[in-house]
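Values below: every heavy atom of this structure, side chains too, minus hydrogens, waters and symmetry copies. We name chains A, B, ... by the order of the sequence lines, and we start the count at 1 in each one.
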Protein chains: 2
Amino acid sequence: MQRIAPGSLLFSEGDDAHDVFEIVSGTLRLYKVLIDGRRQIIGFLSGGQLLGLAPRRQYVCTAEAVTPLTVRRYLRPAFERRIDEEPGLARRLLDALSNELRVAQDQMVLLGRKSAPEKVASFLLSLAADEHGGCEDRVDLPMGRGDIADYLGLTVETVSRTFTKLKNDGLIALPTPASVEILDLDQLEALAAGCADEEAWGRNGGSW
Amino acid sequence: MQRIAPGSLLFSEGDDAHDVFEIVSGTLRLYKVLIDGRRQIIGFLSGGQLLGLAPRRQYVCTAEAVTPLTVRRYLRPAFERRIDEEPGLARRLLDALSNELRVAQDQMVLLGRKSAPEKVASFLLSLAADEHGGCEDRVDLPMGRGDIADYLGLTVETVSRTFTKLKNDGLIALPTPASVEILDLDQLEALAAGCADEEAWGRNGGSW
DNA sequence: CGGACGCTTGAGGGTCTTCAAGGAATGTGG
DNA sequence: CCACATTCCTTGAAGACCCTCAAGCGTCCG
């Protein structure tokens, strides 16, 4: 069990992959950076998720705490021994990995083919689905606008403008910048799926 | 063993996932489509690769032959029994899956943070790396411009224009639209990595 | 020979980015 | 307790990049 402060690295891309981690509490970001500093966030991970699974010599992403973080650390050799010994474990890891792959594929559709409003809507709905433990239509954003931008392939400014637009159009409310209320779930889902009606979205049908 | 003609579907997104496939020869595309028809190609698969691995009830992508295709089909129950019986197999699948995940993550960086020339350069280099069996700096494109566009999150026209630009700048040659020669590997790699010098790329330093 | 299909090229417009500045919130030290 | 600094979020204006619409070109095949 290990506590990590926001902004601290769990590991960096290229580090020797000594350990497998399990997140106990908090949120972290996984990301890659290009040489000139452009950053793409691969995903946000939180409670219960494993990382560092990939059986490679080196980590392929950087893992950094977004919020105060608690993790459990497993040594890789011990972890790999358990895979071979516990028959059910390999299957569960296979399931976990292929689920991650499915999520990654949805993210590719988002990054390659969705507009800024569609991206933000999809993002909010995926967060809402994750924390259905909380209030129905209330989503907390542990990460800042910059993180959201680097996750959705946008800039900070565009993310901010898009939040404002969704708010002005009555789809969401923003009690604070870090807290979103979903006011019109149906329309948000239609937007995220890419079937928003042209009336409302095609040409500034909102409130600009 | 089964032969499939170009344009035919191996399976569709949402179909019951009865089988696991192994590609013997040829190339196929995996893709998802939004309701309004926008398509994102998740990847191109060819010789030796497995698909349909994900232990889910339904396929999450559509698989379609790009070229004439030969596949081996395994029934899922038999395949899953082998996973539990052969101790090494689960590990190899784990490796294969986590490798796919690594590729998917690189693709996210490409889709979210790279410019059109960077995307095309990265694409060509990944093809060149795959078929190092062939000639050194010669790449065959089994897929058309439309497929490349939907893979890179661009349009047909932008892909075509970018090929032309790379050609005019002397990085590649295009003996035919389906065959690329890499003339300046260093500069192509620099471009793909995102560290192209501003002199040449910042503002129409090429030949437009 | 004619049609279909895919690739290429051109012109114009839209979306998102870049550059810049103005608020709002948090934390610290006087 | 309040001034101040820092940081993040928001908003504005201008421009770049890519997309859309449209037409021309080449090749393959009937």
Side-chain angles (χ1 to χ4, degrees), chain A residues 5-7 36-40 66-67 110-121 141-168 172-180 191 194 196 198 201-208, chain B residues 6-7 36-40 66-67 110-120 141-168 172-180 191 194 196 198 201-208:
Chain A
D36 63 356
R38 277 174 286 175
R39 182 181 69 157
Q40 177 67 44
V66 172
T67 66
L110 181 149
L111 290 169
R113 286 295 176 228
K114 289 188 181 176
S115 69
E118 290 167 352
K119 286 179 177 182
V120 172
L141 304 175
M143 69 294 289
R145 296 292 185 268
D147 282 343
I148 298 175
D150 282 348
Y151 183 53
L152 301 180
L154 300 170
T155 60
V156 181
E157 295 92 331
T158 300
V159 170
S160 183
R161 278 186 249 272
T162 306
F163 271 112
T164 303
K165 176 163 170 50
L166 292 177
K167 186 182 70 182
N168 289 341
I172 62 170
L174 285 167
T176 78
S179 158
V180 179
L191 182 57
E198 299 294 324
W201 289 99
R203 182 134 9 255
N204 56 309
S207 19
W208 294 24
Chain B
D36 64 355
R38 276 173 286 174
R39 182 181 68 156
Q40 177 66 43
V66 173
T67 66
L110 181 149
L111 290 169
R113 287 295 176 227
K114 289 188 181 175
S115 69
E118 291 167 352
K119 286 178 177 182
V120 172
L141 306 175
M143 69 295 288
R145 296 291 186 269
D147 282 343
I148 298 175
D150 282 349
Y151 183 53
L152 301 180
L154 299 170
T155 59
V156 182
E157 295 91 332
T158 300
V159 171
S160 183
R161 277 186 249 272
T162 307
F163 270 111
T164 302
K165 177 165 168 48
L166 292 177
K167 185 182 71 180
N168 290 340
I172 62 171
L174 284 167
T176 77
S179 159
V180 179
L191 182 57
E198 299 294 324
W201 291 99
R203 181 144 357 264
N204 56 311
S207 19
W208 295 23

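A:Leu191 places a side-chain heavy atom less than 4.5 Å from the side chain of A:Leu166. Side-chain atoms of A:Lys165 and A:Val120, non-hydrogen and from C-beta on, never get closer than 4.5 Å to each other. A 4.5 Å side-chain heavy-atom check between A:Asp147 and A:Arg39 finds at least one atom pair inside the cut-off.
Distance alone, capped at 3.5 Å, is enough to place a donor-acceptor pair between the B:Arg38 side chain and the A:Arg113 backbone.
Atom C1' of nucleotide C:dC7 and atom CG of B:Leu154 are separated by 16 Å, given to the nearest angstrom. Taking atom CG on A:Leu174 and atom P on C:dA25, their separation rounds to 13 Å, with Å as the unit. Going from atom CD of B:Glu118 over to atom P of D:dC17 covers 11 Å, rounded to whole Å. As a whole-Å value, the separation of A:Lys165 NZ from C:dT15 C1' is 12 Å. One interatomic measurement links the two molecules: CZ of B:Arg38 to C1' of C:dT15, which rounds to 13 Å at whole-angstrom precision. Residue A:Phe163 contributes atom CZ, which lies 16 Å from atom P of D:dC8 at whole-angstrom precision. Atom CZ of A:Arg113 is separated from atom P of D:dC18 by 13 Å (rounded to the nearest Å). Atom CG in B:Leu166 sits roughly 13 Å away from atom P in C:dT9 (whole-Å rounding).
A heavy-atom distance below 4.0 Å to DNA chain D is reached by these residues of residues 142-153 of chain B, ordered by number: B:Gly153.
For C:dA25, the OP1/OP2 oxygens have no side-chain nitrogen or oxygen of A:Thr176 closer than 4.0 Å. Proximity of A:Thr158 to the phosphate of C:dC16: no side-chain N or O atom is located under 4.0 Å from OP1 or OP2.
Across B:Leu111 and A:Gly112, no two heavy atoms sit closer than the pair CD2-CA, 4.1 Å. Of all heavy-atom pairs spanning A:Pro142 and A:Thr67, the tightest one is CB-CG2, 3.7 Å.
Here B:Arg145 pairs with nothing under the side chain to side chain donor-acceptor pair (under 3.5 Å) rule; sequence neighbours left out. A search for side chain to side chain donor-acceptor pair (under 3.5 Å) contacts involving A:Lys119 returns nothing, not counting sequence neighbours. Remark: B:Thr155 engages B:Glu157, B:Thr158 in a side chain to side chain contact (heavy atoms under 4.5 Å, CB included) (not counting sequence neighbours).
Atom CZ of A:Arg161 and atom CG of A:Leu154 lie 11.5 Å apart (nearest 0.5 Å). Note: A:Ile172 CD1 to A:Lys167 NZ = 8.0 Å, rounded to the nearest 0.5 Å. Interatomic distance, OG1 of A:Thr164 versus CG of A:Leu174, reported as 7.5 Å (0.5 Å rounding).
Out of C:dT17, D:dC18, D:dT10, the shortest distance to the side chain of A:Ser160 is found at D:dT10.
Helix-axis bend for the helix from C:dC1-D:dG30 to C:dG30-D:dC1: the local axis fitted to the five terminal pairs at one end deviates from that at the other end by 30°, rounded to 10°.
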Could you write out each protein N or O paired with an N or O of nucleotides 19-24 of chain C at a distance under 3.5 Å?
{"from": "C:dC19", "atom 1": "N4", "to": "A:Glu157", "atom 2": "OE2", "distance (Å)": "2.9"}

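Toward the 5' end of DNA chain C, the nearer of the two residues A:Pro177 and A:Thr155, judged by each one's closest nucleotide, is A:Thr155.
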